[in-house]
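The structure appears right after this line, and notes come after that.
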Amino acid sequence: MSAPPIESYAVLDSTNAEARRRAEAGLFGPVWIHALEQTAGRGRQGRVWRGGGGNLAATLLIPADLPPAQAAQISFVAAVALCETVNALAGPGVARLRWPNDLYTAGGKVAGILVESGPRPGGGLWLAVGIGVNLAKAPPRDQVERPAAALADIPGFTPPAPADFLADLADRFESWRRTWVHDGFPPVGKAWTRMAEGLGGPCTARLPDRTLSGTAEALEADGALRLRLDTGEVVRVTAGDVFFGET
Ligand code: BTN
């Protein structure tokens with residue numbers, strides 16, 4: 001199994017922006033784009049994502065011949081590969097996933113994933129799977145919405161350099177991507193559920209038009225989060241900010 005090549009830059013505005021530029025110029029990869037520093041890194045919901053300084057900022061640009069809803073499942077492929085990479089280094093169960101694809105340690109959020117996509121002129125899509133991992137340091141508390149941490153905060157653990165972490169992640173990503181291509185979403189969803197925290201507990205979903213609270217029941221077959229409201233009504237959450245635990 002060989003993972004796509006990794007192209008490393010000293011500085012980029014954003015590895016996702018570079019992936020988009022390439023895709024819009026007709027280059028769809030597969031390729032990993034890695035930057036040691038980002039000057040305009042971006043997170044989900046239009047937020048800023050600071051990278052660099054020993055943290056990982058990388059994007060996999062890849063073509064996909066799938067309907068958009070199915071292609072979006074790649075964010076769970078990425079999450080499972082990412083969690084597996086961290087736990088292989090730091091210890092089993094040290095990192096856990098929170099829906100849809102945030103990675104947490106006991107200290108807080110250590111990694112996030114931002115998937116962007118667009119059409120290819122001949123049909124199909126390009127996907128840019130951007131992954132940011134706080135290997136060396138967490139962003140300052142006043143710059144993040146959720147408590148953040150870094151892998152370097154784990155007692156007795158020294159995180160690898162970004163390029164070494166990415167080489168391992170790229171191999172695991174390729175292996176999970178192949179599983180997804182050959183066997184579909186079920187094995188990915190099962191692995192995600194095994195690595196997740198927050199399921200079965202209280203959860204608040206901040207949707208564009210309303211905020212809902214209830215119990216996070218499960219990951220559905222298409223990647224939606226099944227939320228049971230206190231009224232008993234079941235809602236499928238497919239996007240939005242979700243917070244686990246008592247608020
Ligand atoms: C999140 O908000 O949780 C997602 C953060 C994703 C950040 C990564 S860093 C590499 C890639 N390039 C970007 O500009 N963003 C993603």
Side-chain angles (χ1 to χ4, degrees), residues 4 6-24 29-62 72 74-83 85-86 95-105 107-118 126-141 143-151 159 161-163 165-167 169-170 173 192 196-198 205-206 223 225 237 239-244:
I6 297 171
E7 291 185 18
S8 286
Y9 292 78
V11 188
L12 278 177
D13 48 355
S14 145
T15 54
N16 269 38
E18 172 63 16
R20 178 177 289 276
R21 280 191 291 271
R22 290 185 187 205
E24 289 176 353
V31 63
W32 278 98
I33 300 162
H34 170 219
L36 291 174
E37 300 289 337
Q38 289 191 127
T39 55
R42 47 202 200 213
R44 286 204 311 272
Q45 318 277 359
R47 286 190 278 263
V48 169
W49 180 275
R50 286 158 216 284
N55 289 344
L56 177 74
T59 299
L60 174 66
L61 173 63
I62 193 165
I74 200 161
S75 81
F76 293 92
V77 175
V80 164
L82 176 60
C83 187
T85 305
V86 171
R96 313 283 304 171
L97 292 168
R98 291 192 191 179
W99 191 90
N101 50 31
D102 288 339
L103 191 71
Y104 277 73
T105 60
K109 176 167 167 173
V110 290
I113 296 171
L114 174 67
V115 178
E116 297 180 80
S117 62
W126 56 264
L127 303 175
V129 187
I131 302 180
V133 185
N134 300 334
L135 293 170
K137 62 176 200 289
R141 281 204 177 275
Q143 290 177 10
V144 287
E145 194 186 22
R146 298 167 193 255
L151 296 187
F165 183 92
L166 179 56
L169 172 64
F173 196 122
W192 187 95
E197 67 180 9
R206 214 191 286 154
L225 178 69
V237 180
D241 270 333
V242 174
F243 298 85
F244 293 91

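Read the numbers this way: they start at 1 and go in the same order the structure lists the ligands and their atoms.
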Inset, instruction - Run the numbers on Arg206 and Gln45 for side chain to side chain contact (heavy atoms under 4.5 Å, CB included), then give the verdict. - result: CA-CA 12 Å; Arg206 214 191 286 154; Gln45 318 277 359; over 6 Å; no

Legend entry - ligand 1 contact on Gln38 by region, counting heavy-atom pairs under 4.0 Å: side chain

Inset, instruction - Considering heavy atoms of the protein only, find what lies nearest to atom 8 (C) of ligand 1 and give residue, atom and distance to 0.1 Å. - result: Gly132 N, 3.6 Å

Inset, instruction - Of the side chain and backbone of Ala58, name the one, both, or neither that has a heavy atom under 4.0 Å from an atom of ligand 1. - result: backbone

Inset, instruction - Using a 4.0 Å heavy-atom threshold (strictly under), name the region of Leu56 that reaches ligand 1: side chain, backbone, both or neither. - result: neither

Legend entry - Closest approach of any protein heavy atom to atom 15 (N) of ligand 1, naming residue and atom: Arg42 O, 2.7 Å

Legend entry - Element-labelled atoms of ligand 1 that are located less than 4.0 Å from some non-hydrogen atom of Ser14: 12 (N), 13 (C), 14 (O)

Inset, instruction - Could you list which atoms of ligand 1 come closer than 4.0 Å to a heavy atom of Gly41? - result: 14 (O)

Inset, instruction - Begin with the C-alpha distance, continue with both residues' side-chain angles, and end with the deciding distance and a verdict on side chain to side chain contact (heavy atoms under 4.5 Å, CB included) for Trp126 and Arg20. - result: CA-CA 9 Å; Trp126 56 264; Arg20 178 177 289 276; 3.8 Å; yes

Inset, instruction - Check Ile131 against ligand 1 and report side chain, backbone, both or neither, counting heavy atoms closer than 4.0 Å. - result: backbone

Inset, instruction - Using a strict cut-off of 4.0 Å, indicate which atoms of ligand 1 neighbour a heavy atom of Asp102. - result: 3 (O)

Legend entry - Protein heavy-atom partner closest to atom 2 (O) of ligand 1 - residue, atom, separation in Å: Arg44 N, 2.7 Å

Inset, instruction - Mind listing the closest non-hydrogen atom pair of Ala95 and Cys83 along with its distance? - result: O-SG, 3.5 Å

Inset, instruction - Measure from NZ or CZ of Arg98 to the centre of the six-membered ring of Tyr104, then state whether that distance is under 6.0 Å and the direction lies within 45° of the axis. - result: yes

Inset, instruction - Locate the shortest heavy-atom distance separating Val86 from Leu103; write the atom from each residue and the value. - result: CG2-CD2, 3.6 Å

Inset, instruction - Give a yes or no on whether the backbone of Ala149 and the side-chain of Asn134 come within a donor-acceptor separation of less than 3.5 Å. - result: yes

Legend entry - Nearest atoms (heavy-atom pairs only) where Thr59 meets Gly130: OG1-CA, 3.5 Å

Inset, instruction - Go through Leu82 and Phe165 one step at a time and tell me if the side chain to side chain contact (heavy atoms under 4.5 Å, CB included) criterion holds. - result: CA-CA 10 Å; Leu82 176 60; Phe165 183 92; 4.0 Å; yes

Inset, instruction - Could you tell me whether Thr15 and ligand 1 have an N or O pair separated by under 3.5 Å? - result: yes

Inset, instruction - Can you pull out the closest protein heavy atom to atom 5 (C) of ligand 1? Residue, atom name and distance to 0.1 Å, please. - result: Trp49 CE3, 3.3 Å

Inset, instruction - Would you kindly specify which portion of Lys109 sits under 4.0 Å from ligand 1, judged on non-hydrogen atoms: side chain, backbone, both or neither? - result: side chain

Legend entry - Residues Asn101, Phe76; criterion side chain to side chain contact (heavy atoms under 4.5 Å, CB included); working and verdict: CA-CA 6 Å; Asn101 50 31; Phe76 293 92; 5.8 Å; no

